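Hydrogens, waters and symmetry mates are skipped; everything else that's a heavy atom, side chains included, is used. All values reported here derive from a predicted model rather than from experimental measurement. Numbers restart at 1 for each chain; the letters A, B, ... are given by sequence-line order, proteins then strands.
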2 protein chains.
Amino acid sequence: MGDFMERTELLPILLELFRQQGYAGVSIADVSKATGLGKSSLYHHFPEGKEQMAREVLQHVEVGVRESFVAPLKAVGDPHERLREMTKMVEDFYDGGRKGCILDGLTLGAASEPFRQMVARSVEAWVAAMASVAVEAGLSKKVARERAEDALIAIEGSLVLSRALGDQKAFKRVIKNLPQRLLGETNL
Amino acid sequence: MGDFMERTELLPILLELFRQQGYAGVSIADVSKATGLGKSSLYHHFPEGKEQMAREVLQHVEVGVRESFVAPLKAVGDPHERLREMTKMVEDFYDGGRKGCILDGLTLGAASEPFRQMVARSVEAWVAAMASVAVEAGLSKKVARERAEDALIAIEGSLVLSRALGDQKAFKRVIKNLPQRLLGETNL
DNA sequence: TCTAGCGTACCGAACGATCGGTACAGTGTC
DNA sequence: GACACTGTACCGATCGTTCGGTACGCTAGA
């Protein structure tokens with residue numbers, strides 16, 4: 001039998017559960033079913049239980065954000081091209097709008113507090129990287145920062161709306177317009 | 001005590017619970033505590049249980065959206081002024097960004113399906129009203145519709161971000177810029 | 001080389017608490 | 001008496017968590 005269930009295989013599965021169901025909506029039985037591991041095995045890997053699972057998922061996400069979103073933005077080359085590279089990764093990560101955001105799923109309800117700091121770190125890293133690209137493209141620091149925050153807001157909002165309506169076109173439009181939103185010459 | 005807890009007093013309390021905790025995060029015990037009503041009383045008022053509670057909250061929200069958001073937009077007078085009126089109501093309803101959105105809270109997880117249609121109706125009514133104001137202000141139908149959808153996306157996104165970061169400034173900035181976002185002369 | 005002992009990985013069963021929901025006997029008001 | 005409403009007691013199911021135990025590979029001592 002495929003022994004050796006490692007964290008690197010476990011965490012993506014947990015991520016998937018939490019982002020779709022939210023923290024309160026995921027039961028240990030769900031996790032057991034999704035991973036194929038018995039309950040007690042789960043507590044072997046995560047002695048502090050469900051909250052630890054969510055914490056480690058968030059750590060895993062932080063790494064993913066840096067590798068998939070921030071890194072392309074910090075690469076060399078044309079700012080527009082780098083931004084397009086990032087949007088591709090974003091579209092992929094959210095599966096074209098079909099999958100929700102863990103920032104959303106893990107901050108609903110009273111369970112949010114243990115996670116807030118980790119969430120904030122990921123958000124800040126991503127926004128800062130987008131802002132930095134915008135500065136490089138010629139925008140002022142202040143405008144760049146606002147545009148970057150707006151971009152993240154648009155992504156999160158479109159994910160909520162796409163999920164609520166069961167229709168991905170809101171997300172797709174936001175993704176398509178994201179480079180223009182961040183670097184374009186609007187007077188907003 | 002001839003207390004007489006009516007739906008009109010019950011539903012705002014339920015709304016408060018669901019928007020803060022999400023559907024899965026709210027237990028009947030929570031509802032009982034928040035309303036002061038025993039379980040049997042709750043099941044007297046809502047024979048179909050928790051799902052009915054959420055459904056009626058959503059109906060209640062639909063009415064609220066029409067009365068508080070759509071109606072001001074459909075009033076007579078300067079489009080900018082009407083829009084400013086709406087943003088005031090929005091800011092109030094979300095308590096300056098401190099309170100979440102039920103569209104978000106009630107569409108997380110598998111519980112979403114019974115509610116999707118109702119959610120879609122509220123969203124459509126609101127977006128259509130905003131788009132109509134934008135058309136009146138001189139924008140083309142297509143651009144107006146996109147701007148209206150973007151406005152809603154920005155509101156939802158800023159609510160998620162404000163909650164995640166425990167900081168309302170994202171929401172406040174979106175609210176402040178909302179008239180410009182909808183009616184302004186950006187080239188986006 | 002045998003084997004005792006240890007650590008890692010896993011499991012089903014069961015824990016007490018809480019879940020959503022029901023049964024029923026009231027209570028007060030018309 | 002009919003009816004709206006409520007408290008108490010209870011149901012089976014599920015919650016997150018813990019229990020006792022198994023299987024297996026590694027290491028060390030004899």
J.: Report yes or no: is there a donor-acceptor pair, N or O only, under 3.5 Å between the side chain of B/Lys50 and the base of C/dG21?
T.: no
J.: To the nearest angstrom, how far is A/Leu10 atom CG from C/dT8 atom C1'?
T.: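 That distance rounds to 15 Å.
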J.: Looking at the side chain of B/Ala29, which of D/dT6, C/dC11, C/dC19 is the nearest nucleotide?
T.: C/dC19
J.: Rounding to an integer number of Å, can you tell me how far A/Glu6 CD sits from C/dA9 P?
T.: 8 Å
J.: Answer yes when B/Arg181 and B/Glu149 have at least one side-chain N-carboxylate O distance shorter than 4.0 Å, and no when they do not.
T.: no
J.: Of all the choices, C/dC11, D/dG16, D/dT6, which nucleotide is nearest to the side chain of A/Leu37 once you look at every atom?
T.: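 Of the candidates, C/dC11 comes closest.
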J.: To the side chain of A/Tyr43, which of C/dG21, D/dG16, C/dG12 is closest?
T.: D/dG16
J.: Could you tell me whether A/Val31 contacts a base, only the sugar-phosphate backbone, or nothing, with contacts defined as non-hydrogen atoms closer than 4.0 Å?
T.: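 A/Val31: no heavy atom of the nucleic acid under 4.0 Å.
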J.: Check this for me, if you would: do A/Asp150 and B/Arg173 make a salt bridge, where the nitrogen-to-carboxylate-oxygen distance has to be below 4.0 angstrom?
T.: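 Answer for the salt bridge query: yes.
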J.: Of the options C/dC19, D/dC15, D/dT6, whose atoms approach the side-chain atoms of B/Ser27 most closely?
T.: C/dC19
J.: Rounded off to whole Å, could you give me the CZ-to-C1' distance for the A/Arg7 and C/dA9 pair?
T.: 13 Å
J.: Quick one: does A/Tyr23's side chain have a donor or acceptor within less than 3.5 Å of a partner on B/Gly25's backbone?
T.: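 A pair under 3.5 Å: no.
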J.: Under 4.0 Å between a side-chain N/O of A/Ser41 and OP1 or OP2 of C/dC10, yes or no?
T.: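 Answer is no, no contact under 4.0 Å.
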J.: Check B/Glu16 with B/Lys99, please: is the shortest side-chain N to carboxylate O separation under 4.0 Å?
T.: yes
J.: Tell me if the CD atom of A/Gln117 is crowded by more than 12 foreign heavy atoms within 6.0 Å.
T.: no
J.: Should the side chain of A/Lys39 and the base of C/dG12 be counted as holding a donor-acceptor pair, with the cut-off at 3.5 Å?
T.: no
J.: To the nearest angstrom, how far is A/Lys33 atom NZ from D/dC15 atom P?
T.: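 Distance, rounded to whole Å: 8 Å.
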J.: How close or far is atom C1' of D/dA4 from atom NE2 of B/His45, stated in whole angstroms?
T.: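 Atom NE2 in B/His45 sits about 9 Å away from atom C1' in D/dA4.
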J.: Taking atom P of D/dC15 as reference, at what distance in whole Å does atom CE of A/Met53 sit?
T.: 13 Å
J.: Take the protein atom CD of B/Gln21 and the nucleotide atom C1' of C/dC19, then report the distance between them rounded to whole Å.
T.: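 Rounded to whole Å, this separation is 16 Å.
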J.: Closest to the B/Ser40 side chain: D/dT6, D/dT17, D/dT18?
T.: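 Within the option list, the nearest is D/dT6.
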J.: Distance check needed: C/dG21 P versus B/Asp30 CG, whole Å only.
T.: 14 Å
J.: Closest approach to the side chain of B/His44, judged atom by atom: which nucleotide of D/dC19, D/dT6, C/dC10 is it?
T.: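 Nucleotide nearest to B/His44's side chain: D/dT6.
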